[in-house]
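The residues of the chain are indexed from 1 along the displayed sequence.
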Amino acid sequence: MIERGEFTLTFVAKAGDIVVIDSCVVSSWHTLGDTFNIVLPTSQQVRTINKFTIISVNNQELYI
């Protein structure tokens, strides 16, 4: 279970690369869609992630 705050996220990028983000925070999600936005606290960069590309959260594998 994810509590509020920072977490680690691993997902597959569009190019097929595996991306590991050591620290991010969910900023918004789209309940009718397949994406959510994360913010990287160190750079304040916002990324949109497709929920079906997630491999793990906090180093725990995720199965959808």
Is it the case that atom CD in Gln44 sees more than 12 heavy atoms from other parts of the structure closer than 6.0 Å? yes
Nearest heavy-atom neighbours spanning Thr8 and Asp22: OG1-O, 3.0 Å
Hydrophobic cluster membership, with links at side-chain heavy-atom distances under 4.5 Å among I/L/V/M/F/W/Y: are Ile49 and Leu62 in one? yes
Indicate whether the side chain of Asn37 and that of Ser28 have a donor and an acceptor atom separated by less than 3.5 Å. yes
Please check if the side chain of Asn58 supplies one atom and the backbone of Gln60 the other of a donor-acceptor pair under 3.5 Å. no
Nearest heavy-atom contact between Pro41 and Cys24 is CD-CA, 3.9 Å
To the nearest 0.5 Å, how far apart are CD1 in Ile54 and OH in Tyr63? 14.5 Å
Can you measure from CD (Gln45) to CD1 (Ile38) and round to the nearest 0.5 angstrom? 8.0 Å
Do the side-chain N and O atoms of Glu6 and Ser23 include a donor-acceptor pair separated by under 3.5 angstrom? yes
Quick one: do Ile18 and Thr10 satisfy side-chain contact (heavy atoms from CB on, under 4.5 Å)? Show the steps, please. CA-CA 7 Å; Ile18 294 178; Thr10 305; 3.7 Å; yes
Run the side-chain contact (heavy atoms from CB on, under 4.5 Å) check on Phe11 and Val20 step by step: do they pass? CA-CA 7 Å; Phe11 63 95; Val20 178; over 6 Å; no
Report the C-alpha distance between Val57 and Phe7 in whole Å, list the side-chain angles of each, state the deciding distance to 0.1 Å, and finish with yes or no for side-chain contact (heavy atoms from CB on, under 4.5 Å). CA-CA 7 Å; Val57 176; Phe7 61 96; 4.0 Å; yes
